[in-house]
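The sequence lines fix the lettering, A, B, ..., with proteins before strands; numbering per chain opens at 1.
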Amino acid sequence: GQQVMQIPQYQHVQEGEDFTTYCNSSTTLSNIQWYKQRPGGHPVFLIQLVKSGEVKKQKRLTFQFGEAKKNSSLHITATQTTDVGTYFCACPSAGFKTIFGAGTRLFVKA
Amino acid sequence: GAGVSQSPRYKVAKRGQDVALRCDPISGHVSLFWYQQALGQGPEFLTYFQNEAQLDKSGLPSDRFFAERPEGSVSTLKIQRTQQEDSAVYLCASSLARQEAETQYFGPGTRLLVL
């Protein structure tokens with residue numbers, strides 16, 4: 001079946017450093033979504049990418065969808081302590097299923 | 001308006017007990033999803049409803065798991081004869097419609113611990 005891999009599993013950064021998480025699907029995607037989950041919280045929608053090669057920005061966050069629509073990345077510039085949490089990619093699958101990556105947990109040291 | 005709510009927030013069950021977890025989606029949302037999230041993992045799909053119809057239950061791990069949404073709003077996930085491996089956070093999410101790539105709005109989850 002479809003596999004969704006997300007790396008790295010963890011990332012420790014100093015406040016002000018950049019951060020990137022990568023998501024790879026074994027199959028071509030019609031779209032991809034990104035969610036953030038704060039410690040003890042629930043996933044919150046960040047963005048959706050649909051077009052091949054699409055790049056979207058939200059303040060310090062930059063999201064990219066690969067040309068082949070099988071991979072995506074989330075880059076945070078100059079991390080802040082408020083960026084702490086786990087970032088998940090979410091990929092549509094067969095039927096009505098959504099497959100979430102295992103997530104990248106971001107730790108930011110002030 | 002109100003978001004997705006779930007109850008109870010925490011549930012401790014003895015192995016073998018039955019449990020029922022409730023989800024109140026955002027009013028008017030057609031789609032409803034249930035996920036299971038183990039510690040340190042991403043949400044894992046369990047089942048999907050479009051209004052009252054359960055259109056996908058491919059993620060339910062065993063026949064001990066049963067979900068319903070009889071009137072197309074509130075949904076209940078029932079786990080019979082709970083086992084220790086059922087311990088996890090159960091998340092409910094709703095979305096406005098089932099179109100390609102609808103935003104899913106998650107509830108706070110029910111944390112289930114089976115002893």
Please classify the contact between [X] and chain A as side chain, backbone, both or neither, with a heavy-atom cut-off of under 4.5 Å.
{"X": "B:Leu91", "answer": "side chain"}
{"X": "B:Tyr105", "answer": "neither"}
{"X": "B:Glu44", "answer": "neither"}

*With respect to the side-chain SG atoms, do A:Cys89 and A:Cys23 come within less than 2.5 Å?*
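Cystine link detected, SG atoms below the 2.5 Å cut.
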*For the pair B:Phe106 and A:Tyr35, name the ring-plane relationship: parallel under 30°, tilted 30 to 60°, perpendicular over 60°.*
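Rings of B:Phe106 and A:Tyr35: perpendicular, over 60°.
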_Nearest-0.5 Å distance that lies between atom CG in B:Leu77 and atom CG in B:Leu21_ =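 Those atoms lie 5.0 Å apart.
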*asked:* Return the CD to CZ distance between B:Gln104 and A:Phe45, rounded to the nearest 0.5 Å.
replied: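 The distance works out to 10.0 Å.
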*Output the option from B:Gly109, B:Gly40, B:Gly107, B:Ala93 having the highest count of non-hydrogen pairs under 4.5 Å with chain A.*
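Between B:Gly109, B:Gly40, B:Gly107, B:Ala93, the count favours B:Gly107.
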*asked:* Can you tell me which portion of A:Gln6 sits under 4.5 Å from chain B's heavy atoms? Options are side chain, backbone, both or neither.
replied: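 The answer is neither part of A:Gln6.
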*Carefully, step by step, assess A:Lys69 and A:Glu67 under the rule salt bridge (charged side-chain N to carboxylate O under 4.0 Å, His left out).*
CA-CA 5 Å; A:Lys69 299 183 75 173; A:Glu67 294 290 339; over 6 Å; no
*Between A:Ala102, A:Ala94, A:Gly41, which residue shows the highest count of heavy-atom pairs closer than 4.5 Å to chain B?*
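Ranked by contacts with chain B, first place is A:Ala102.
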